[in-house]
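Presented below is the structure to which this report refers.
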2 protein chains.
Amino acid sequence: MNVIDAAGVLAISTRLQRLSDRIRKDGQEIYKAMGLAFEPKWFPVIYVLHRRDTLSVVELANEIGYSHPSTITLLKELEKEKLIRSKKDKADERKRLLQLSAKGRHLVAQMEPVWDVIVAATTDLIRTQNNLMLAIEEVEEQFQRQSFFQRALPLIAVRNEA
Amino acid sequence: MNVIDAAGVLAISTRLQRLSDRIRKDGQEIYKAMGLAFEPKWFPVIYVLHRRDTLSVVELANEIGYSHPSTITLLKELEKEKLIRSKKDKADERKRLLQLSAKGRHLVAQMEPVWDVIVAATTDLIRTQNNLMLAIEEVEEQFQRQSFFQRALPLIAVRNEA
DNA sequence: TTTATTTATGTAGTTAACTACGTAAATTTG
DNA sequence: CAAATTTACGTAGTTAACTACATAAATAAA
């Protein structure tokens, strides 16, 4: 075992990132193998618009958990691919409302069976004693209760007094 | 719950990345709160050199799981901070051998109590029914047995025949 | 009803990883 | 032992996220 793996929870952020990367790259291969021109990074936007139909830029950014500038960059790319379209909100001229285009909806229809494959393969991959998906959900819940930093604070205080 | 969270394993890569980011940012706050000029991204290099003493660039890159160019960029930064030093390998002129500097070793000594705090706070954070650290290790093991893509392949084949 | 504040979007520039490619030293092969 | 291959390191350029700041529309306040 290498040193970072042996460092355990100290390097947990690095380990999470690495695992995320690995899964994303394999996901990309799966889309390719199934003959679809689709990049995993598009998934959050496309999936949310598929499920929620119409959203503004900031609403969408909040849903996918990205900053709004990052979201705008993704949206530009997706508009160039003609997978989404946008129109001004009549009621509020500041807002730009986003929807899947016909091409986007067609791609989603093609992707749904692929998503089934991805779900099946992922479920297989993470079928272990400690379930990764549940662990993520549980830790996110813990985070919401009290952040990592907040949990460390009292321990810091004790040290600084000593 | 938002749409991405509800997408479950389909969006697991996004969820992992988000959690990694959150933990890394809080880690940065902890170093700051304890008065240390240390960035979480330096951790893998510093920690590995602390544990392994002397390594070449590529050996180090493999240990921390980054590409060698990314590692070189980190090393430049750390040399500028005077936390590490490097010298040519007499036995193999291609190699550059890396070590912690005196300043680097001193910083490690200061950081060790902080690492204890981080370990304690993280352990507290991930003390849930499904343990995140164990889940990561288990999934990495599963990955080694057979990649995510390899697991998907037979499912793709069936679909393409149908 | 001006003026100030907030909200929504957008632009510019930064960051931290990557891949692709190039060069030089070491090793292997014909 | 000369030529080909591999290994180690480095540079250049890309990518996908971010923060900070700017502008315009909507809303609140004086």
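Residue numbers start from 1 in every chain, and the chains themselves are labelled A, B, ... in the order their sequence lines are given, proteins ahead of strands.
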message = By nearest heavy atom, map A/Ala91 and A/Gly65 onto DNA chain D; which one lands nearer the 5' end?
response = A/Gly65
task = Take the protein atom CG of B/Leu16 and the nucleotide atom P of C/dA17, then report the distance between them rounded to whole Å.
result = 17 Å
message = Salt bridge or not between A/Glu29 and A/Lys25? Use side-chain N to carboxylate O under 4.0 Å.
response = no
query = Quick one: do B/Glu77 and B/Lys41 make a salt bridge, cutoff under 4.0 Å?
reply = yes
inquiry  = Nearest whole Å is fine: how far is C/dA8 C1' from A/Lys88 NZ?
reply    = 10 Å
key: Test of ring centre spacing under 6.0 Å for B/Phe38 and B/Trp115   = no
ask   = Does A/Arg18 come within less than 4.0 Å of A/Asp21, counting only side-chain N to carboxylate O?
value = no
inquiry  = Each nucleotide in nucleotides 9-16 of chain C should get exactly one letter: B, S or -. Can you fill that in based on protein heavy atoms under 4.0 Å?
reply    = BBB----S
task = Please check if atom CZ in A/Arg22 has more than 12 non-hydrogen atoms from other residues, nucleotides or ligands closer than 6.0 Å.
result = yes
ask   = Rounded to the Å, how far apart are A/Asp89 CG and C/dA8 P?
value = 11 Å
remark   = By nearest-nucleotide position on DNA chain D, the 5'-leaning member of A/Glu93 and A/Ser67 is A/Ser67
Sequence neighbours excluded, every pair satisfying side chain to side chain donor-acceptor pair (under 3.5 Å) that has a member inside residues 130-139 of chain A = A/Asn130-B/Glu138, A/Glu138-B/Thr128, A/Glu138-B/Asn130
query = Just how far, in rounded Å, is C1' of D/dC9 from CG of B/Asn62?
reply = 13 Å
